[in-house]
Amino acid sequence: RPYGIQKTLQSIKQISDILQLPFNKGFIEKEVKTIQQHMLPFTRKAFRLKDSLPALSLGGHRDVVEGIGSFWRDELGLELGSIWCDDPSMGDEEIPYLSTQNKRAVLQGMQNPLLMENGDLLTFLGLDTSLQIAFPDSRWRLNPYSSPLLGFRGTLQLAQSWMNVLFGGF
């Protein structure tokens with residue numbers, strides 16, 4: 001899945017290869033430059049405070065937690081905490097399935113967690129629901145045009161969400 005700049009570029013290349021159609025290199029380079037410029041406030045602050053940032057923990061669909069986790073760890077170079085999936089058929093040693101009871105056990109050991117999970121769990125734990133990546137949910141979702149977490153725009157959406165939760169306002 002195309003989470004982050006590098007995975008988005010890989011996906012564009014794969015689609016181009018499959019369709020045997022070239023992509024507009026100038027447009028893609030411009031998009032990457034724009035995304036990098038807009039991410040500067042987050043990346044500068046995150047790298048300056050890297051040692052004091054909480055590790056990001058993720059729970060939800062396997063593809064989603066794997067993709068976001070890879071972006072956080074591999075592309076941004078930040079510490080990744082626990083990762084689990086919400087489907088027993090998708091769990092393995094690398095990304096285990098956690099039942100509600102097992103989630104509680106994992107979460108009890110975390111102090112001040114940075115957690116992306118389902119809306120109900122985030123609400124129950126008193127955490128910021130803007131980091132919701134799975135359902136069930138406890139909020140209305142009327143806008144069919146909400147920013148995705150995938151692709152170039154999703155890269156900015158993730159960075160913006162993390163920046164607001166980690167660093168608050170100005």
Side-chain angles (χ1 to χ4, degrees), residues 1-5 7 35 38-170:
R1 296 232 183 181
Y3 291 95
I5 295 171
K7 294 287 185 180
I35 299 302
H38 284 289
M39 283 188 60
L40 274 178
F42 173 73
T43 53
R44 283 182 179 155
K45 196 157 191 149
F47 290 125
R48 193 171 58 247
L49 301 171
K50 187 176 181 176
D51 294 333
S52 63
L53 290 179
L56 175 66
S57 293
L58 301 154
H61 191 278
R62 183 186 178 100
D63 286 347
V64 174
V65 299
E66 195 169 35
I68 294 173
S70 172
F71 172 43
W72 179 267
R73 180 192 58 229
D74 301 336
E75 194 166 333
L76 297 176
L78 299 171
E79 184 181 349
L80 195 57
S82 300
I83 298 181
W84 58 88
C85 67
D86 57 8
D87 183 342
S89 69
M90 293 184 164
D92 61 19
E93 283 186 30
E94 183 183 352
I95 300 177
Y97 162 74
L98 290 187
S99 66
T100 302
Q101 283 185 316
N102 290 340
K103 286 180 192 180
R104 286 187 187 138
V106 168
L107 294 169
Q108 281 178 345
M110 293 182 189
Q111 290 183 350
N112 209 11
L114 179 59
L115 176 65
M116 298 184 87
E117 238 281 5
N118 74 60
D120 282 353
L121 181 62
L122 294 172
T123 300
F124 176 76
L125 295 171
L127 298 174
D128 195 314
T129 57
S130 67
L131 296 182
Q132 175 184 335
I133 57 170
F135 292 100
D137 193 359
S138 57
R139 296 175 17 182
W140 289 98
R141 303 287 174 181
L142 302 177
N143 183 0
Y145 307 106
S146 295
S147 294
L149 301 178
L150 298 165
F152 293 132
R153 300 296 185 259
T155 299
L156 281 181
Q157 182 65 32
L158 285 167
Q160 175 180 282
S161 297
W162 292 326
M163 186 158 190
N164 285 325
V165 169
L166 289 170
F167 310 125
F170 293 96

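In this text the structure is predicted, and so the values were computed from the model without any measurement.
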Peer 1: Are side-chain heavy atoms of Y3 and L149 found at a separation under 4.5 Å?
Peer 2: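 Counting from C-beta outward, Y3 and L149 do come under 4.5 Å.
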Peer 1: Can you tell me how far CZ of F71 sits from CG of L158, rounded to the nearest 0.5 angstrom?
Peer 2: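 That separation rounds to 6.0 Å.
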Peer 1: Salt-bridge test for D92 and R62: reply yes if a basic N is under 4.0 Å from a carboxylate O, no otherwise.
Peer 2: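 Salt bridge between D92 and R62, a charged N being under 4.0 Å from a carboxylate O: yes.
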Peer 1: Can a donor-acceptor pair be found, under 3.5 Å and without considering hydrogens, that links the side chain of S70 to the backbone of G67?
Peer 2: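 Looks like no, no N/O pair under 3.5 Å.
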Peer 1: Any donor and acceptor pair, going by atom type alone, linking the side chain of Q132 with main-chain N or O of E117 inside 3.5 Å?
Peer 2: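 Such a contact is absent between Q132 side chain and E117 backbone.
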Peer 1: Which pair of non-hydrogen atoms, one from I83 and one from P96, has the smallest distance, and what is that distance?
Peer 2: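 In terms of heavy atoms, the two residues are closest at O-CD, 3.4 Å.
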Peer 1: Mind checking what makes salt bridge (Lys or Arg N to Asp or Glu O under 4.0 Å) contact with R104, not counting sequence neighbours?
Peer 2: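 R104: no salt bridge (Lys or Arg N to Asp or Glu O under 4.0 Å) contacts found.
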Peer 1: Any donor and acceptor pair, going by atom type alone, linking the side chain of K45 with main-chain N or O of L40 inside 3.5 Å?
Peer 2: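 Not at all, since once roles are kept as given, no pair shorter than 3.5 Å links the two residues.
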Peer 1: Using every non-hydrogen atom in the two residues, find where F152 and I35 come nearest and quote the distance to one decimal.
Peer 2: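 So the minimum-distance heavy-atom pair works out to O-CD1, 3.5 Å.
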Peer 1: So which atom in L76 and which in W72 form the shortest heavy-atom distance, rounded to 0.1 Å?
Peer 2: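 Minimum heavy-atom separation between L76 and W72: CB-O, 3.3 Å.
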Peer 1: Report the distance from atom CD of E79 to atom CG of L56, rounding to the nearest 0.5 Å.
Peer 2: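 The CD atom of E79 sits 10.0 Å away from the CG atom of L56.
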Peer 1: In this structure, are over 12 heavy atoms from other groups packed under 6.0 Å from K103 atom NZ?
Peer 2: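 Yes, NZ of K103 has more than 12 neighbouring heavy atoms, counting only those of other groups under 6.0 Å.
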Peer 1: Can you classify the ring geometry of W162 versus F42 as parallel (below 30°), tilted (30 to 60°) or perpendicular (above 60°)?
Peer 2: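 Geometry flag for F42 against W162: tilted rings.
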Peer 1: Checking side-chain contact (heavy atoms from CB on, under 4.5 Å) between L114 and each of D128, V165, L58, which is the one that passes?
Peer 2: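 Result: among D128, V165, L58, V165 is the only option passing the side-chain contact (heavy atoms from CB on, under 4.5 Å) with L114.
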Peer 1: Can you name the nearest heavy-atom pair linking G60 to V65, along with the distance?
Peer 2: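 Looking at all heavy atoms of both residues, the closest pair is N-CG1, 3.4 Å.
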Peer 1: As an exercise, state the distance from CD of E66 to CE of M90, rounded to the nearest 0.5 Å.
Peer 2: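 Reported to 0.5 Å precision, the distance equals 10.0 Å.
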Peer 1: Measure the spacing between CG of L53 and CZ of F167 and express it to the nearest 0.5 Å.
Peer 2: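 If we round to the nearest 0.5 Å, L53:CG and F167:CZ are 5.0 Å apart.
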Peer 1: Which atom names give the shortest non-hydrogen contact between R1 and H61, and what distance separates them?
Peer 2: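 Of all heavy-atom pairs spanning R1 and H61, the closest is NH2-CE1, 4.5 Å.
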Peer 1: Can you check whether L115 reaches L131 side chain to side chain, under 4.5 Å on heavy atoms?
Peer 2: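 With C-beta onward as the side chain, the pair stays apart.
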Peer 1: Determine, step by step, whether L78 and K50 satisfy the side-chain contact (heavy atoms from CB on, under 4.5 Å) criterion, reporting the C-alpha distance in whole Å, the side-chain angles of both residues, the deciding distance to 0.1 Å, and the verdict.
Peer 2: CA-CA 7 Å; L78 299 171; K50 187 176 181 176; 4.0 Å; yes
Peer 1: Just verifying a value: how many Å separate L156 CG and H38 NE2, rounded to the nearest 0.5 Å?
Peer 2: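 Nearest 0.5 Å value for the CG-NE2 distance: 6.5 Å.
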Peer 1: I need the minimum non-hydrogen distance between A55 and L80, along with the two atoms involved.
Peer 2: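 Heavy atoms of A55 and L80 come nearest at CB-C, 3.9 Å.
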Peer 1: Does the side chain of S130 come within less than 4.5 Å of N164's, by heavy atoms?
Peer 2: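 They are not in side-chain contact.
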Peer 1: If you round to the nearest 0.5 Å, how far is CZ of F124 from CG of N118?
Peer 2: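 Here the interatomic distance stands at 11.5 Å.
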Peer 1: State, with a plain yes or no, whether a side-chain heavy atom of P41 is found less than 4.5 Å away from one of M163.
Peer 2: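 Yes. Closest side-chain heavy atoms under 4.5 Å.
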Peer 1: In the structure I gave you, are the side-chain heavy atoms of L107 and L121 within less than 4.5 Å of one another anywhere?
Peer 2: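 In short, these two side chains touch, coming nearer than 4.5 Å.
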Peer 1: Under a 4.5 Å cut-off applied to non-hydrogen side-chain atoms, are S57 and M110 in contact?
Peer 2: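 A side-chain contact exists here, since the closest heavy-atom pair is under 4.5 Å.
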